[in-house]
Amino acid sequence: MVVFLYVVGYIYIDSWPEELANLSVFENLRVIRGRLLYNGAYSLIVRNLSMSSLGLRSLTEISSGLVLLEANPNLCYLDTVPWTNIFRNSRQAILKTTNKPQNVCEKEGHVCFQLCANAECWGFGPSQCVNCSGLLRGNDCVESCNVEEGEPREVVDKGQCIMCHPECMLQNGSQTCFGPSAEQCVACAHYRDGTTCVKHCPSGKKMDSFVPVWKYADKDGECQLCPVNCSHS
Ligand SMILES: *[C@@H]1O[C@H](CO)[C@@H](O)[C@H](O)[C@H]1NC(C)=O
Ligand SMILES: *[C@@H]1O[C@H](CO)[C@@H](O)[C@H](O)[C@H]1NC(C)=O
Ligand SMILES: *[C@@H]1O[C@H](CO)[C@@H](O)[C@H](O)[C@H]1NC(C)=O
Ligand SMILES: *[C@@H]1O[C@H](CO)[C@@H](O)[C@H](O)[C@H]1NC(C)=O
Ligand SMILES: *[C@@H]1O[C@H](CO)[C@@H](O)[C@H](O)[C@H]1NC(C)=O
């Protein structure tokens with residue numbers, strides 16, 4: 001699970017390791033509250049850096065304060081960020097001075113990945129879209145999920161590709177699962193124990209009680225309880 005970051009005050013960055021091409025260490029930063037502002041005015045200041053994109057792909061809200069981007073000679077992807085959607089009040093604005101001209105950026109190919117919705121992004125490639133026009137796999141915008149072919153097989157849930165459980169039997173030309181768990185397979189790859197697909201029927205496993213459970217697979221691949229007497233599968 002991803003833990004998103006919230007900054008209460010402001011972010012001020014004026015030096016950064018040359019070899020890092022973006023602020024991806026902050027890729028999980030979701031909100032800058034701006035309750036405390038730099039110089040009483042700014043909630044995000046990025047100056048004098050050599051990087052080519054901000055890469056703040058999770059940033060959806062700057063609650064208060066101005067954004068100042070200045071003297072970043074290589075910085076692209078500034079006009080591809082929907083700043084007005086990120087701001088929360090009408091006094092907020094972005095001040096940009098002496099960065100790389102954004103039309104030069106475009107000519108050099110610093111454009112959003114083609115599946116970014118509305119050509120909005122924080123940087124190069126499928127992981128930097130603000131929103132996807134297609135579907136989302138992990139952090140990447142993709143055209144389609146592996147529902148009926150391709151591996152691993154997936155199911156689409158709320159615009160995202162969710163991997164089927166490895167114990168699901170791959171279906172060809174129809175969907176393999178309804179969700180991520182081993183209880184949501186269309187069919188089991190190995191055996192079925194109650195509602196769950198399993199690799200082996202439980203043999204000597206302590207399930208809910210302290211009494212070990214012994215099961216064997218019947219001819220349909222369903223796990224059946226051994227007679228009380230049996231000691232192993
Ligand atoms: C961000 O920077 C890191 C480290 O320099 C690099 O590996 C990564 O590819 C960059 N991501 C983008 C989207 O430019
Ligand atoms: C900009 O950063 C360089 C190092 O990358 C440093 O030498 C220089 O003093 C900085 N300039 C300002 C105005 O902060
Ligand atoms: C991105 O999509 C979400 C929901 O899918 C929506 O709430 C949000 O407004 C969109 N953002 C932009 C900038 O369009
Ligand atoms: C689907 O195709 C794969 C590879 O051709 C095969 O191994 C598998 O048994 C097929 N699954 C079904 C349910 O037909
Ligand atoms: C256990 O197995 C023996 C034969 O090996 C049989 O006589 C006995 O009835 C079985 N007990 C139970 C509870 O099934």
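Just so you know, ligand 1 is whichever comes first in the structure, and atom 1 is the first atom listed for that ligand.
Glu167 and His190 form a side-chain donor-acceptor contact under 3.5 Å, judged by distance and modelled atom types alone. Side-chain atoms of Asp218 and Gln224 form a donor-acceptor pair, as typed in the model, at a separation below 3.5 Å.
Taking atom 4 (C) of ligand 1 as the reference point, the nearest protein heavy-atom neighbour is Leu20 CD2, 3.9 Å. Counting only heavy atoms of the protein, atom 11 (N) of ligand 1 lies nearest to Asn22 ND2, 2.9 Å. Residue, atom and distance of the protein heavy atom nearest to atom 5 (O) of ligand 1 are Ala21 N, 3.1 Å.
Crowding of Glu19 atom CD: a count of heavy atoms from other residues, nucleotides or ligands under 6.0 Å exceeding 12.
The ligand atoms of ligand 1 that sit less than 4.0 angstrom from a heavy atom of Gln128 are 13 (C). Remark: ligand 1 atoms within the under-4.0 Å shell around heavy atoms of Phe124 are 13 (C). Residue-ligand proximity, Glu19 to ligand 1, at heavy-atom distances under 4.0 Å covers atoms 5 (O).
Within a 4.0 Å radius of atom 2 (O) of ligand 1, the protein contributes at least one heavy atom. For atom 14 (O) of ligand 1, a protein heavy-atom neighbour is present inside the 4.0 Å cut-off.
When every heavy atom of Pro82 is checked against every heavy atom of Glu120, the shortest pair comes out as CB-OE2, 3.6 Å.
In this structure, Ile86 is a member of the same hydrophobic cluster as Leu54, with clusters built from ILVMFWY side-chain heavy atoms closer than 4.5 Å.
Ligand 1 does not have Met51 within reach: every non-hydrogen atom of the residue lies 4.0 Å or more from it. Not a single heavy atom of Gly55 sits less than 4.0 Å from an atom of ligand 1.
Atom CD1 of Ile32 and atom CD1 of Ile11 lie 4.0 Å apart (nearest 0.5 Å).
Aromatic ring pairs are classed by plane angle as parallel below 30°, tilted from 30° to 60° and perpendicular above 60°; the pair Trp83 and Trp122 is perpendicular.
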